[in-house]
Colleague: 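I'd like to ask some things about the structure below.
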Amino acid sequence: MPNAIRLHSTGGPDVMRFESVDPGKPRAGQVLIKQTAIGLNYIDVYDRTGLYPMPMPGGVGREAAGFVLAVGPKVRGFKPGDRVAYVLNGTGAYCEVRNVPADRLVKLPKGVSNEQAAVLMLKGLTAHYLIRRTHRVKQGDTILVYAAAGGVGLILTQWARSLGARVIGVVGSNAKAALAKKAGCQHVLLQDRKDLAAAVKKLTKGVGVDVVYDSIGKDTFLTSLDCLRPRGLMVTYGNASGPVPSMSVMELTKRGSLFLTRPSLFAYIAARKDLDAAARETFAALKAKRFKLQINQRYALADAAKAHRDLEARKTTGATVLLP
Ligand SMILES: NC(=O)c1ccc[n+]([C@@H]2O[C@H](COP(=O)([O-])OP(=O)(O)OC[C@H]3O[C@@H](n4cnc5c(N)ncnc54)[C@H](OP(=O)(O)O)[C@@H]3O)[C@@H](O)[C@H]2O)c1
C-alpha cells in the first residue's frame, strides 16, 4: 500500500506520521496520480500547527507533480502516463499516490520537469499573481520584497527585475543577502535592523517604495507601512512570524492614503481559465529565463518533519522538494 504523511492532531513537526494509506480508485471527475515530487511551502506549517484549521485526521501539503495512473469516470483530457501537477486549496499532497480533481490538474509542457512543476504550482503561481495581477509590476517601479532568498522570494525578485523593477530585498542573514543580490536585488537589508524603514526611505531619496510584498506578518507589518510612498500598495501575503494583529484603518490614512490588500493565491486561480493562464504564463516565464528556479533542498517524504524544522528555523533558501 502507498504511504502518506498523516496528522492526527495539530502541533509541532513530530505530529506528522508516515503511514500506509489506500487512495482507492478514482471516482467521477478524479485522476489517480503517482507523485514524483512534492513542494514544501510555509503554508504547510500553518496547516500543521492549526493556524489554518482543517478536519482531523488529515493530510499536509498543497502542491505536487507526477504521472497519471488512472482516470475516473467523466474525466476528459487526461490519460495514463501524462505528466501533471496541481496546487489545491486543501491538504494531502505529502503522499506517494493520490486522487486529485481533474479540474485542478494541469499537464506539463516539455521543458518543465516534474520537480520544477512541483514547486512552481504554489510558489511560482503566487509570484505570478503578486507581480502581474495584484500589482502589475513595470519599468521604473521600486518594490520591497521580504524573505527575498526564500521559495516565493527568489522567483518574485528575479521575475520583477526582468520586468524592469528596482528590487530592495529584506533577508535574515548575510548569506541570504548574497543570494538575494545574485537574484537581482539592487539593495538588500537585514530584517532585524531597527532602522529598516529609514534605510528604505534613504534608498528612495526620502520617497518610499511603490509596493511592499510582506510575507512575514506580525513582526514587520507596521515597519512595512512606513516604507511606502504616499498612495503606495501594501501587500501582506504571509504570516511567517505570526498573523498581523488587527489595526485601525487610520494607520493607512496617517501614512499618506495607502492601499492595503491581504491576498491568497486560491482566490486568483479559483476559475479554471485563471488557473490555466497562470500556469501557462509561469511555465513560459521559466522557459524564457525570466527567473532561474533554485531547488536548494531535497528531503525524502518520510523526513518531512526535518524539512519543516529547517523551514521554520529559517535554514532553507529557494525552493524545497519532498521526494516520495
Ligand atoms: N498568500 C498567498 O497566496 C501565499 C502563497 C504562497 C506563499 N505565501 C507566503 O509567502 C511566504 C513565503 O513562503 P515560502 O513557502 O516561499 O517560504 P520561505 O520564504 O522559503 O520561508 C519563509 C522565510 O520567511 C523568513 N522569516 C522571517 N521571519 C521569520 C520567522 N519569524 N519565522 C520563520 N521564517 C521567517 C525567513 O527568511 P529570512 O531568514 O531571509 O528572513 C524564511 O526563510 C510565507 O509567509 C507564505 O505563507 C503566501
Side-chain angles (χ1 to χ4, degrees), residues 26-33 35 37-39 41 43 52 61-68 70-93 98-138 141 151-152 155-156 158-160 162-163 165 211 213 215 233 235 237-238 259 261-291 293 319:
R27 295 200 301 260
Q30 289 185 330
V31 173
L32 184 69
I33 65 173
Q35 304 199 139
I38 301 154
N41 290 285
I43 193 171
Y52 293 175
R62 300 198 178 224
E63 66 173 343
F67 297 92
V68 173
V71 297
K74 298 185 181 155
V75 171
R76 290 222 184 100
F78 294 99
K79 61 177 186 323
D82 283 347
R83 287 195 313 123
V84 290
Y86 66 85
V87 55
L88 290 183
N89 190 8
T91 56
R98 77 178 300 195
N99 286 302
V100 174
D103 65 3
R104 293 283 100 191
L105 267 187
V106 300
K107 276 196 199 165
L108 301 185
K110 276 195 189 120
V112 177
S113 72
N114 284 26
E115 256 200 7
Q116 289 173 322
V119 300
L120 278 178
M121 293 305 294
L122 204 159
K123 286 172 278 290
L125 268 58
T126 295
H128 170 265
Y129 87 75
L130 290 173
I131 61 172
R132 304 298 288 159
R133 298 186 64 197
T134 305
H135 170 80
R136 209 166 169 82
V137 168
K138 57 192 178 310
D141 282 352
V152 174
I155 301 171
L156 195 158
Q158 296 175 77
W159 198 343
S162 84
L163 294 168
V211 186
Y213 291 107
S215 59
L233 173 64
V235 184
Y237 75 100
F259 292 85
T261 181
R262 199 327 180 172
S264 159
L265 169 66
F266 303 109
Y268 281 82
I269 57 167
R272 178 74 213 197
K273 70 172 178 30
D274 290 332
L275 172 65
D276 284 338
R280 195 174 52 244
E281 286 172 34
T282 303
F283 295 154
L286 175 75
K287 291 208 243 176
K289 299 191 169 43
R290 285 189 177 274
F291 59 86
L293 202 46

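Starting from 1, each residue takes its place in the sequence as its number.
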Colleague: Could you tell me whether a side-chain N or O of Glu115 sits under 3.5 Å from a main-chain N or O of Ala37, the two making a donor and an acceptor?
Modeller: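 Not confirmed, Glu115 side chain does not pair with Ala37 backbone.
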Colleague: Considering only heavy atoms from C-beta outward, does the side chain of Arg27 approach that of Asn99 to under 4.5 Å?
Modeller: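 Of all side-chain heavy-atom pairs linking Asn99 with Arg27, none is under 4.5 Å.
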Colleague: Go through Asn89 and Leu265 one step at a time and tell me if the side-chain contact (heavy atoms from CB on, under 4.5 Å) criterion holds.
Modeller: CA-CA 9 Å; Asn89 190 8; Leu265 169 66; over 6 Å; no
Colleague: Thr282 and Ala278: which non-hydrogen atoms are nearest, and at how many Å?
Modeller: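 Heavy atoms of Thr282 and Ala278 come nearest at OG1-O, 2.7 Å.
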Colleague: Do Arg76 and Val71 have side-chain heavy atoms sitting under 4.5 Å apart?
Modeller: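 SC-SC contact between Arg76 and Val71 ruled out.
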Colleague: Could you go step by step and tell me if Val106 and Arg272 meet the side-chain contact (heavy atoms from CB on, under 4.5 Å) rule?
Modeller: CA-CA 10 Å; Val106 300; Arg272 178 74 213 197; 3.8 Å; yes
Colleague: Supply the atom-to-atom distance Leu286 CG to Glu281 CD, rounded to the nearest 0.5 angstrom.
Modeller: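 Going from the CG atom of Leu286 to the CD atom of Glu281 covers 14.0 Å.
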Colleague: Ignoring hydrogens and angles, tell me if any N or O in the side chain of Glu63 forms a donor-acceptor pair with the backbone of Met121 under 3.5 Å.
Modeller: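 Flag set: sc Glu63 to bb Met121 pair under 3.5 Å.
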Colleague: Which heavy atom in Val119 sits nearest to a heavy atom in Gly39, and how many Å separate them?
Modeller: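 Minimum heavy-atom separation between Val119 and Gly39: CG1-CA, 4.2 Å.
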Colleague: Can you name the nearest heavy-atom pair linking Ala165 to Val137, along with the distance?
Modeller: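 Of all heavy-atom pairs spanning Ala165 and Val137, the closest is CB-CG1, 3.5 Å.
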Colleague: Which heavy atom of Ala70 sits nearest to which heavy atom of Pro80, and what is that distance?
Modeller: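 Looks like CA-CG, 4.5 Å.
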Colleague: Please report the interatomic distance CD1(Ile33) to CZ(Phe78), rounded to the nearest 0.5 Å.
Modeller: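 Here the rounded value is 9.5 Å.
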Colleague: Okay, side chain of Arg136, backbone of Arg132: is any donor-acceptor separation there less than 3.5 Å?
Modeller: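 Side chain of Arg136 to backbone of Arg132, a donor-acceptor pair under 3.5 Å: yes, one is there.
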Colleague: Do Tyr213 and Val211 come close enough that some side-chain heavy atom pair is under 4.5 Å?
Modeller: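 A side-chain contact under 4.5 Å exists here.
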Colleague: Assess whether side-chain contact (heavy atoms from CB on, under 4.5 Å) is satisfied between Leu156 and Phe291, documenting all intermediate values.
Modeller: CA-CA 8 Å; Leu156 195 158; Phe291 59 86; over 6 Å; no
Colleague: How long is the straight-line distance from CZ of Phe67 back to CG of Leu32, given to the nearest 0.5 Å?
Modeller: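 Result: 14.0 Å between the selected atoms.
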Colleague: I want to check something: taking the side chain as every heavy atom from C-beta on, are Val31 and Val84 in contact at a cut-off of under 4.5 Å?
Modeller: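 Counting from C-beta outward, Val31 and Val84 never come under 4.5 Å.
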Colleague: Can a donor-acceptor pair be found, under 3.5 Å and without considering hydrogens, that links the side chain of Arg83 to the backbone of Pro109?
Modeller: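 A pair under 3.5 Å: yes.
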Colleague: Can you measure from OG1 (Thr91) to CZ (Arg62) and round to the nearest 0.5 angstrom?
Modeller: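 Answer for the OG1-CZ pair, Thr91 versus Arg62, is 6.5 Å.
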Colleague: Which heavy-atom pair separates Leu108 from Ala85 by the least distance, and what is that distance?
Modeller: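 The answer is CD2-CB, 3.8 Å.
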Colleague: Taking all non-hydrogen atoms of both residues into account, name the closest pair between Val75 and Ala102 and its distance.
Modeller: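 What the structure gives for the nearest pair is CG1-CB, 3.9 Å.
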Colleague: Do Tyr86 side-chain atoms and Val100 backbone N/O form a donor-acceptor pair below 3.5 Å?
Modeller: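 Side chain of Tyr86 to backbone of Val100: no pair is present.
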Colleague: Nearest 0.5 angstrom please: Leu122 CG to Ile269 CD1, how far?
Modeller: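 Between atom CG of Leu122 and atom CD1 of Ile269 there are 7.5 Å.
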Colleague: Just how far is it from atom NZ of Lys110 to atom CZ of Phe283, taken to the nearest 0.5 Å?
Modeller: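 Between Lys110 NZ and Phe283 CZ, I get 15.5 Å after rounding to 0.5 Å.
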Colleague: For the pair Asp82 (side chain) and Lys79 (backbone), establish whether a donor and an acceptor sit closer than 3.5 Å, ignoring hydrogens and angles.
Modeller: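 Indeed, once roles are kept as given, a pair shorter than 3.5 Å links the two residues.
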Colleague: Decide yes or no for Tyr237 and Val152: does some side-chain heavy atom of the first lie under 4.5 Å from some side-chain heavy atom of the second?
Modeller: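 In short, these two side chains touch, coming nearer than 4.5 Å.
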Colleague: Enumerate the residue pairs fulfilling ring pair (Phe, Tyr, Trp, His ring centres under 6.0 Å) with a member in residues 107-137, sequence neighbours excluded, ordered by first and then second residue.
Modeller: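 Listed once each, the pairs are His128-Trp159, Tyr129-Tyr268.
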